[in-house]
2 protein chains.
Amino acid sequence: MRRVAQALDTGPASLYVYVANTAELHAAVLDELLAGLPEDGTGPWRTRLDVLLRGYADLLFTYPGLARSALVLRPVGGNALRLYDRVLGLLLEGGVPADRAAWGVDLLLLYVTSNAAEHSAPAPGDIDASADENAKTSALEHALRSADAEATPHVALHVDQLLGGTPAERVAWTLQVLITGIAATPTTVAGDS
Amino acid sequence: MRRVAQALDTGPASLYVYVANTAELHAAVLDELLAGLPEDGTGPWRTRLDVLLRGYADLLFTYPGLARSALVLRPVGGNALRLYDRVLGLLLEGGVPADRAAWGVDLLLLYVTSNAAEHSAPAPGDIDASADENAKTSALEHALRSADAEATPHVALHVDQLLGGTPAERVAWTLQVLITGIAATPTTVAGDS
DNA sequence: ACCTGAACACCGTTCAAGT
DNA sequence: ACCTGAACACCGTTCAAGT
């Protein structure tokens, strides 16, 4: 709030004329940015869904603070609704039954959002995000590699696979997992399909 | 930090003798709490996996601040490793190929963590979390119900399904989606299976 | 050597006082 | 009626000074 106010050459109190709190400000900024998502192209639905979700992911990676905000307070602005609609539309185009597709939208966007939030340094010391990222990765790697084979036999046996793959490979795999699972798993709710 | 220090009848500076920062303190507390997860029982692996993940979810729902911390800084303490090991072991027991199971552990725990973080009020005004929860739900419901049928036709057509299901039903469905997808989706990495 | 009081550098939010 | 300076009530972290 204080930084935004400063950029607008006023005091932080002035912002409260337009937004109720920081969460609302974040939501408004995010919805504005969502207008910049690439338009739908041509090609198979699966590819277009990938492009759309990656576009959203890129946006959230660029502004990790917004990813954290979007996680606790779901975006409900006009552009966010259009994003939901596009994801839902693509799943339906792919032949996913409506009830599964409806719940699946939530899951896909939750994954993209939380993945972006996860790979983000905590807000304050935002000076060197990639150094922080490396520190986190090597802390995890060290913990897994020095795992006790007695206490955690499966981890010890499969360290290389636990740590394997590039971030891009893992994201691609995870999206495939989600879409496959969504298409294959009936909901408990009766309804059209 | 200040609250913890006060509970220990000292100043906040004293804590920095034992931890480097707030993130480390959170990680230590979480790992301590993870020791209280229920032991593995008997029955089909799928049920035991559900019980384990729900136990973790309950813990994170009880301390939403820890869920947010665990999201940005992965737990790597001894008890966290045991949790990874148990989840990995159960997937392997279920016949999931090792490479998929290894990546799947990450995804399952990310989902549980981010779901807990999502359903948590922002830290400061933690007075009435359920009121905040209701406000968020009705804001989402209102946004979806008043969706423009022109701009977002799929959303307009499937509002009831988008909003349908109890939280418990959605969690159960999502876990099924994840496990189904994990078991069915080959990784891009060559290796044992 | 180990601990800590006090200060530093921030936050978001409120409200009385201004125009 | 609309805007905002200044204050309030917090944070996490540092470091010089104490024991």
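For the numbers below, each heavy atom of this structure counts, side chains included, while hydrogens, waters and symmetry mates do not. Since the structure is predicted, the reported quantities are computational estimates derived from the model, not experimental observations. Lettering of chains follows the sequences in order, A, B, ..., and the numbering in each one begins at 1.
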Under 4.0 angstrom between A:Ser14 side-chain N/O and D:dT4 OP1 or OP2: yes
Closest listed nucleotide, where the reference is the side chain of A:Arg3 and the choices are C:dT4, D:dG12, C:dC11: C:dC11
Under 4.0 angstrom between B:Tyr18 side-chain N/O and C:dC3 OP1 or OP2: yes
Nearest-0.5 Å distance, CG of residue B:Leu71 to OG1 of residue B:Thr113: 6.5 Å
Phosphate-side-chain proximity, A:Thr22 and C:dT13, N/O vs OP1/OP2 below 4.0 Å: yes
Length of the OH-C1' vector between A:Tyr16 and D:dC8, whole Å: 13 Å
Whole-Å distance separating the CG atom of B:Asp9 from the C1' atom of C:dT4: 14 Å
B:Leu25 CG to D:dT13 P, straight-line distance once rounded to whole Å: 10 Å
Ion pair check, A:Asp50 and A:Arg46, cut-off under 4.0 Å: yes
Positive for side chain to side chain contact (heavy atoms under 4.5 Å, CB included) with A:Asn115, one of A:Leu60, A:Leu110, A:Val171: A:Val171
P-based separation of D:dA9 from C:dA9 [nearest Å]: 22 Å
For atom CG of B:Leu15 and atom C1' of D:dT14, their distance in whole Å: 14 Å
Among C:dC11, D:dG12, C:dT13, the one nearest A:Met1 by side-chain distance: C:dT13
For atom CD of A:Gln6 and atom C1' of D:dG5, their distance in whole Å: 15 Å
Nearest heavy atoms of A:Leu59 and A:Leu33, plus distance in Å: CD1-O, 3.6 Å
Mate of D:dA9 where both pairing distances stay under 3.5 Å, Watson-Crick or G-U: none
Residue closer to the 5' end of DNA chain D, B:Ala20 versus A:Arg2 (nearest nucleotide): A:Arg2
Nucleotide of D:dT4, C:dC3, D:dT13 approaching A:Ala13 most closely (side-chain heavy atoms): D:dT4
C:dA16: pairing nucleotide in any strand, Watson-Crick or G-U under 3.5 angstrom: D:dT4
Interatomic spacing from CG in B:Leu83 to OG1 in A:Thr152 - rounded to 0.5 Å: 11.5 Å
